[in-house]
Amino acid sequence: AYQAAGQLPHSNALIEAMMPFERVDFRPLCLMKLAQNFFAMERPSQALNELRRCIRLYPDHPLSYQARLNASRILSEQSD
């Protein structure tokens, strides 16, 4: 909904503001959503930063594997 309305920066601000208050097991999802939003805004470097943050802070969480795949895709596209 935020993407369709052009409100991804607002969505990211809300996610960042709420993330410290979320359950720890929900935070990787927040980071993945931030990365997805940045990628949708054509800001792959910032998306990569959020993916790396997810991998670093939650290496054993199942979403960290998806974060690794997404990060490798961004890095691959940047090297083309």
Side-chain angles (χ1 to χ4, degrees):
Y2 280 99
Q3 184 173 0
Q7 295 294 318
L8 292 177
H10 181 67
S11 173
N12 282 358
L14 288 173
I15 293 169
E16 286 283 1
M18 292 172 43
M19 197 164 42
F21 305 103
E22 293 293 343
R23 294 187 337 237
V24 172
D25 61 329
F26 188 67
R27 291 177 191 165
L29 181 60
C30 294
L31 293 171
M32 292 294 288
K33 188 60 180 171
L34 286 171
Q36 179 183 4
N37 289 351
F38 281 127
F39 193 77
M41 292 187 295
E42 298 181 3
R43 294 162 65 181
S45 295
Q46 287 180 287
L48 189 58
N49 288 341
E50 298 305 329
L51 294 169
R52 287 178 171 156
R53 197 165 106 178
C54 180
I55 294 164
R56 181 176 37 85
L57 295 174
Y58 309 100
D60 297 325
H61 192 280
L63 282 176
S64 71
Y65 300 102
Q66 184 64 46
R68 287 178 178 89
L69 289 172
N70 291 352
S72 67
R73 188 180 84 199
I74 290 172
L75 290 169
S76 174
E77 289 177 6
Q78 286 180 341
S79 68
D80 289 341

Worksheet, complete the sentence: Closest non-hydrogen contact found for S64 with I55 is O-CG1, 4.0 Å
Worksheet item: Linking I/L/V/M/F/W/Y whenever their side-chain heavy atoms sit closer than 4.5 Å, directly or via other members, would L63 and F39 fall into one cluster?
Response: yes
Fill in: Contacts of type salt bridge (charged side-chain N to carboxylate O under 4.0 Å, His left out), residue R68, not counting sequence neighbours
none
Worksheet entry | Set of residues satisfying side chain to side chain contact (heavy atoms under 4.5 Å, CB included) with respect to A35, sequence neighbours excluded | A47, E50, L51
Practice prompt. Not counting sequence neighbours, list each pair that qualifies as a side chain to side chain donor-acceptor pair (under 3.5 Å) and has a residue in residues 21-30.
Written response: R23-D25
Discussion item. Within the structure provided, determine whether L31 and Y58 are in side-chain contact (heavy-atom separation under 4.5 Å).
Written reply: yes
Discussion item. Is there a path of hydrophobic side-chain contacts, each under 4.5 Å between heavy atoms of I/L/V/M/F/W/Y residues, joining V24 to F21?
Written reply: no
Fill in: Contacts of N70 that satisfy side chain to side chain donor-acceptor pair (under 3.5 Å) - sequence neighbours left out
Q66
Worksheet item: What residues, two or more places apart in sequence or in another chain, satisfy side chain to side chain donor-acceptor pair (under 3.5 Å) together with R43?
Response: Q46
Worksheet entry | Hydrophobic cluster identity match, M32 and L69, side-chain contacts under 4.5 Å | no
Fill in: Gap between atom CG of L29 and atom CG of L34 - 0.5 Å precision
10.0 Å
Worksheet item: Does Q78 reach the side chain of P44, with side-chain heavy atoms less than 4.5 Å apart?
Response: yes
Worksheet item: Is any side-chain heavy atom of M41 less than 4.5 Å from a side-chain heavy atom of P9?
Response: yes
Discussion item. Once rounded to the nearest 0.5 Å, what's the spacing between atom SG of C30 and atom CG of N12?
Written reply: 11.0 Å
Worksheet entry | Pairs touching residues 6-20 that satisfy salt bridge (Lys or Arg N to Asp or Glu O under 4.0 Å), sequence neighbours left out | E16-R53
